[in-house]
Amino acid sequence: MKTSQLLIPTLREDPVEAETVSHRLMLRAGLIRKTAAGIYTYLPLGLRVIRKIEQIIREEMNRAGAQELLMPIASPAELWKETGRWDYYGKELLRFKDRHERDFCLGPTHEEVITDLFRREVRSYRQLPLNFYQIQTKFRDEIRPRFGLMRGREFIMKDAYSFDSDEAGARTSYQKMYDAYTRIFTRCGLTFRAVEADTGLIGGDVSHEFMVLAETGEATVAYSDQSAYAANLERAEVLPPTDIDDAPLRHLTPVTTPQCRTVEEVTAFLKIPPRQLVKTLIYNTGKDTVAVLIRGDHELNEVKLARLLQVTEVRLAESEAVKSLTGAPVGFAGPVGLPGVRIVADHAVHGMKNLVVGANRADTHYMDANQDRDFKIDQFADLRNAQAGDPSPRGAGSLTLAKGIEVGQVFLLGTKYSKSMNATILDEKGQERLAVMGCYGIGVGRTAAAAIEQNHDDKGIIWPFPIAPFHVHLLPVSQSTTTAEATARLYEDLLAGGFEVLWDDRNDRAGVKFNDADLIGAPIQVVVGDKGLADGVVEVKVRRSGVKSRIAPSDVVHHLRILSATTA
RNA sequence: CGGGGCGUAGCGCAGCCCGGUAGCGUACUCGCUUGGGGUGCGAGUGGUCGUGGGUUCAAAUCCCGCCGCCCCGACCA
């Protein structure tokens, strides 16, 4: 392709709206343009990257035995009402009415649609296992889209759904997808980790997220330094501590702590370490109110709390609610004499003695409060976020925290959807039974963004070979007919050699071409100019290393074959 | 939705405090020049200053409403 035939509107300066590296570079390199908040147009170069990733996904999904189909973007409300997600999904589901006033939504995911297809078309266990996938535009009306393709409202997703006749089969299907995902992200040239994950709105029993490790990631990953354990921070288990404080119990003593609301303020005022204080957080579950006790230096994990309380969402109580419950302003809540409310505590609180807690009175805390004697805890559970250095919950080692971008997630759904939608098959005994499902997603645009986050320098993008929009950027830097002819010959040779070539045929100075080439990030640049041709060579530059070699034009294809095999 | 910030030419910005016929850089067009890391000179094109209202002889500038966008939090591929 010639540059003059493609719209590649590179920008010299950073657009202000873009903060993260991938967003900035996608705009600057002319890959995407914004159409509305969280909604983007893929320009020719950006689309080529998307198509490359899609192709890798297709090949690996097909290899894993999945079959491609394409479901509609608009789906009728009835299906969503069957599973209850019409109400449950909330505002993220973009709804609209057709001309007959019938309710529809734009599909944010397709469990309902595929399960409907399955129950109509599949009758027998003999047809299983089945795995259907599609690569399609999804719409989720995100509260705050950001970072370009990283979190758009409209985005391209590969989603797959497996159906098995029993749990064991479903696990096999799950594992196949897990393995396929591993191959996909490896082929895309990404450094990633599969981590145990929470199941969120999709639901189900088991889930892994595929996290590309990058500083700009929105998720935090906890992984063991000595074993395979890795989990999303939301999910990472924390073992109950084994040490128990055996200090003698001291008398419960109120102390005045004027204006000391936060852990920092109280512990600084009392000159105690944060780990000796227990903070009391008042939470609403929608149904009722609970008090949660967490050690001062720990962080409550709301996902774990919601799971413990078996509700979908927990929310910190409003300050007015805290006041009326505790009789004190926010900052002085404590478990001692807290009336008629369920008290749950993190495991770490279990072994503690002589705690500092709020006294449910303005500007007052208690010192040396003790459980059972001064207050009662209804239940202990794992409620805090894992911290770096915590022992790995399974296997050896201790945990390290890192930031990650979630590019894919696999779920073992069980019968959640087949049950609510009555998707059954007949087993070998002629008995009707629910299909056991799994679902599997990959964010295609997000994968591209993650690749940029992981592969760039201050000049621009450095595409991994398999997903580069072009393999080779051909850069004539002289205006002579010698250079023009040599470039044209080389272009034909490279195409014949199976390379995708972007030929910068603009009448611009060398510097302009070099800068654009570095920005666009094709893994290999071939520079053709009078100087080199006089010596019978052209210059081959590897974008990532910057290493340049002088190669005879007739040897370029051979040389690039070797390079492409090693620079992927 | 809560908190912070911003809307002036395709992009990056100044002008606003102190009202008086809209400017810089870049990009784009033309001419000459240059020709291996964003060449130089000159001449141009392009803006109802987000939008609606108000104050005023006069509003980009002051006041009020609305809309949009970005960043931080709660959600997710």
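Here is the naming used below: chain letters follow the sequence lines, and residue numbers restart at 1 for every chain.
- Exactly one of A/Y440, A/F210, A/F411 qualifies for a ring pair (Phe, Tyr, Trp, His ring centres under 6.0 Å) with A/Y178. That residue is A/F210.
- The side-chain tip of A/R153 does not point at the ring of A/F139 from less than 6.0 angstrom away and within 45° of straight on.
- Atom name C1', nucleotides B/rG36 and B/rA77: the rounded distance is 44 Å, in whole Å.
- One C1' atom belongs to B/rG37, the other to B/rC69, and the distance between them is 35 Å to the nearest Å.
- Cation-pi geometry between A/R95 and A/W86 is met: the NZ or CZ atom falls under 6.0 Å from the ring centre, inside 45° of the normal.
- Distances from the side chain of A/K34 to the nucleotides B/rC70, B/rG38, B/rA77 place B/rC70 closest.
- Nucleotides B/rC64 and B/rU45 are separated by 39 Å at their P atoms, to the nearest Å.
- Under the 4.0 Å criterion applied to side-chain N and carboxylate O atoms, A/E218 and A/R151 are assigned as salt-bridge partners.
- Ranked by how close their nearest RNA chain B nucleotide is to the 5' end, A/E19 and A/V528 are led by A/V528.
- No more than 12 heavy atoms of other residues, nucleotides or ligands lie within 6.0 Å of NZ in A/K176, so this atom counts as exposed by the packing criterion.
- B/rC17 and B/rA59 are spaced 14 Å apart, taking the P atom of each and rounding to whole Å.
- Checked for salt-bridge contact, A/K513 and A/D508 miss the test: no charged N lies under 4.0 Å from a carboxylate O.
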Please list each protein N or O that sits under 3.5 Å from an N or O in nucleotides 39-43 of chain B, with the distance.
{"unit_1": "B/rU39", "atom_1": "OP2", "unit_2": "A/R509", "atom_2": "NE", "d": "3.1"}
{"unit_1": "B/rU39", "atom_1": "O4'", "unit_2": "A/R509", "atom_2": "NE", "d": "3.3"}

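- A stacked arrangement is assigned to A/F155 and the six-membered base ring of B/rA77, with a centre-to-centre distance below 5.5 Å and an interplanar angle below 30°.
- Protein atom CZ of A/R140 is 17 Å distant from nucleotide atom C1' of B/rA74, rounded to whole Å.
- With both ends at atom P, the span from B/rG12 to B/rG53 equals 29 Å, rounded to whole Å.
- Salt bridge annotation for A/D159-A/K138: present, with a cationic side-chain nitrogen under 4.0 angstrom from a carboxylate oxygen.
- For A/R446, counting side-chain heavy atoms from C-beta on, the closest listed nucleotide (B/rG38, B/rC71, B/rA77) is B/rA77.
- The same atom, C1', is picked in B/rC67 and in B/rU33; the two are 49 Å apart, to the nearest Å.
- To the nearest angstrom, C1' of B/rG35 lies 10 Å from NZ of A/K531.
- Considering A/R12, A/R506, A/H473 as possible partners of A/D516, the one that fulfils the side-chain hydrogen bond (donor to acceptor under 3.5 Å, both in side chains) test is A/R506.
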Return the polar atom pairs (N/O with N/O) between nucleotides 4-12 of chain B and the protein under 3.5 Å, or none.
{"unit_1": "B/rG12", "atom_1": "OP1", "unit_2": "A/V16", "atom_2": "N", "d": "2.9"}

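- The CE atom of A/M211 sits 11 Å away from the C1' atom of B/rC76 (whole-angstrom rounding).
- Residue pairs meeting the salt bridge (Lys or Arg N to Asp or Glu O under 4.0 Å) criterion with at least one member in residues 20-39 of chain A, sequence neighbours excluded, are A/D14-A/R24, A/D14-A/R28, A/E17-A/K34.
- In this structure, the CD1 atom of A/I57 is 11 Å from the C1' atom of B/rA77, given to the nearest Å.
- Closest to the A/R12 side chain, of the nucleotides B/rC71, B/rG36, B/rG38, is B/rG38.
- Nucleotides of RNA chain B nearest to A/A219 and A/K513 differ in position, and the one nearer the 5' end is that of A/K513.
- Across A/T182, A/L213, A/I184, a single residue satisfies side-chain contact (heavy atoms from CB on, under 4.5 Å) together with A/F192, and that is A/T182.
- In the set B/rG36, B/rC72, B/rG35, B/rG35 carries the atom at the smallest distance from any side-chain atom of A/Q479.
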